[in-house]
Enquirer: 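Handing you a structure now.
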There are 2 protein chains.
Amino acid sequence: MTKTVPNAAPGTEVLNVSDHTLRGLLGYNIKRAFNVMQSDLNRALKPHDLRMITFTALVLIVDNPGLRQSQLADALAIERPNLVVIIDELEARELITRDRVPTDRRAYSLQVTLAGRQVYNAALRDVQAHEACLLSGLGAADRARVIAAMQVIEQVRDRRATT
Amino acid sequence: MTKTVPNAAPGTEVLNVSDHTLRGLLGYNIKRAFNVMQSDLNRALKPHDLRMITFTALVLIVDNPGLRQSQLADALAIERPNLVVIIDELEARELITRDRVPTDRRAYSLQVTLAGRQVYNAALRDVQAHEACLLSGLGAADRARVIAAMQVIEQVRDRRATT
DNA sequence: TATTGTTATACTCTATAACTATA
DNA sequence: TATAGTTATAGAGTATAACAATA
């Protein structure tokens with residue numbers, strides 16, 4: 001039941017990472033998988049001058065034209081103040097527009113520009129290709145199952161609050 | 001093929017998070033699942049005055065008596081300088097000991113203390129219970145599959161470097 | 001010359017309080 | 001009074017360079 005690290009780098013001692021402790025915990029495995037995922041994703045986004053968070057914001061604006069910043073912050077699961085610099089960056093690059101909402105002059109309406117849509121198309125294609133590569137070790141059914149499982153985990157908190 | 005966010009908080013507008021863009025990407029789903037996982041995990045560890053990183057370090061020291069700091073930093077996938085304060089913290093609480101290695105007086109040998117083993121036992125029990133709760137929406141087979149899939153993703157980089 | 005642990009430092013990400021302008 | 005966006009700021013987490021002691 002106890003296994004050793006399989007891919008020790010040259011010069012690295014092989015450590016005991018036990019199946020009945022760390023390797024059996026989703027928390028440990030998901031953290032490591034997420035680290036790999038995120039650094040590879042950022043490498044795929046680098047040619048487009050995007051990070052994971054700016055890319056996700058751009059996609060949400062494309063999919064939800066006229067979105068407000070507070071809604072976007074909720075969707076990104078970040079605080080409103082931290083969204084400001086992200087929006088500033090996308091607007092400065094003229095990938096999105098930020099216009100006052102006529103009916104509520106406190107709020108901004110976010111829209112993608114033509115240039116923004118082009119960056120979106122190119123970046124999404126690269127990200128999808130990158131994910132296909134990262135998931136090449138899994139069959140199509142397993143990939144769908146993993147994504148579904150992530151969504152189940154994400155929504156446990158909501159289910160708890162509701163029940 | 002397009003879905004809306006199912007658990008919109010009261011007062012929050014329902015956004016379009018499309019299956020063929022964000023919801024279809026593992027990167028987006030794994031980030032959100034990891035956020036939920038990590039904050040719940042830290043809540044489970046709080047009574048033991050541990051964070052995810054200090055807990056993981058403690059488990060690795062228990063499973064690998066006599067471990068050196070550089071090995072532990074590698075295993076935790078963090079840089080050596082950042083491990084120092086973590087080890088300082090565990091040593092100050094007398095959960096581990098840090099002794100000079102006789103054969104290499106540059107290095108330290110890390111060992112768990114009796115108190116450290118008690119904290120380890122209690123924290124591991126709580127973390128496992130917490131994970132069981134978080135994964136209650138998945139069957140046993142799915143849980144094993146998800147953990148296996150995380151390990152596949154984690155090792156893609158190594159496979160690439162080797163091939 | 002190389003390595004172990006350390007210090008100092010900087011950069012990113014995240015979280016909170018308080019401000020402004022609107023409602 | 002409450003809300004949308006903003007500013008300032010503080011705390012984590014993480015990365016690099018450079019140092020002392022040792023190999």
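Naming: A, B, ... by sequence-line order, numbering from 1 per chain. In what follows, every heavy atom counts, from backbone to side chain, and hydrogens, waters and symmetry copies are set aside.
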Enquirer: Whole angstroms only, please: what is the CG-P distance between Asn42(A) and dC11(C)?
Expert: 18 Å
Enquirer: DNA chain D: Val84(A) or Val101(B), which has the more 5' nearest nucleotide?
Expert: Val84(A)
Enquirer: Going 5' to 3' along nucleotides 13-20 of chain C, which nucleotides have protein heavy atoms under 4.0 Å from the base (write B), which only from the sugar-phosphate (write S), and which from neither (write -)?
Expert: SBBBB---
Enquirer: For Arg105(B) and dT3(C), give me the distance from atom CZ to atom C1', rounded to whole Å.
Expert: 15 Å
Enquirer: Of all the heavy-atom pairs spanning Ala75(B) and Tyr28(A), show the shortest one and how long it is.
Expert: O-OH, 3.9 Å
Enquirer: Is Ser70(B) close enough to dG5(C) that one of its side-chain N or O atoms is under 4.0 Å from OP1 or OP2 there?
Expert: yes
Enquirer: Using side-chain heavy atoms (C-beta onward) and a distance below 4.5 Å, is Glu91(B) in contact with Thr97(B)?
Expert: no
Enquirer: Atom CZ of Arg68(B) to atom P of dT6(C): distance rounded to whole Å?
Expert: 14 Å
Enquirer: Atom CD of Gln71(B) to atom P of dT4(C): distance rounded to whole Å?
Expert: 9 Å
Enquirer: With a 4.5 Å heavy-atom cut-off, do Asn16(B) and Thr21(B) have their side chains touching?
Expert: no
Enquirer: Roughly how many Å is it from CG in Leu72(B) to P in dT4(C), rounded to a whole number?
Expert: 14 Å
Enquirer: Ion pair present between Glu131(B) and Arg125(B), side-chain N to carboxylate O less than 4.0 angstrom?
Expert: no
Enquirer: Can you check the Gln69(B) CD to dT6(C) C1' distance for me, whole Å?
Expert: 9 Å
Enquirer: What are the 5'-most and 3'-most nucleotides of DNA chain D lying under 4.0 Å from any heavy atom of chain B?
Expert: dG13(D) to dA23(D)
Enquirer: So Arg100(A), base contact, sugar-phosphate only, or nothing? Heavy-atom distance under 4.0 Å.
Expert: nothing
Enquirer: Using a strict threshold of under 4.0 Å (side-chain N to carboxylate O), is an ion pair present between Lys31(A) and Glu154(B)?
Expert: no
Enquirer: Would a 4.5 Å heavy-atom cut-off, applied to side chains only, mark Asp63(A) and Leu22(B) as touching?
Expert: no
Enquirer: Considering only heavy atoms from C-beta outward, does the side chain of Val36(B) approach that of Leu134(B) to under 4.5 Å?
Expert: yes
Enquirer: Starting at atom CG of Asp99(B), determine the distance to atom C1' of dT4(C), rounded to an integer number of angstrom.
Expert: 16 Å
Enquirer: Do the side-chain N and O atoms of Arg98(B) and Gln69(B) include a donor-acceptor pair separated by under 3.5 angstrom?
Expert: yes
Enquirer: Could you tell me if the side chain of Leu45(A) sits less than 4.5 Å from the side chain of Arg51(A), heavy atoms only?
Expert: no
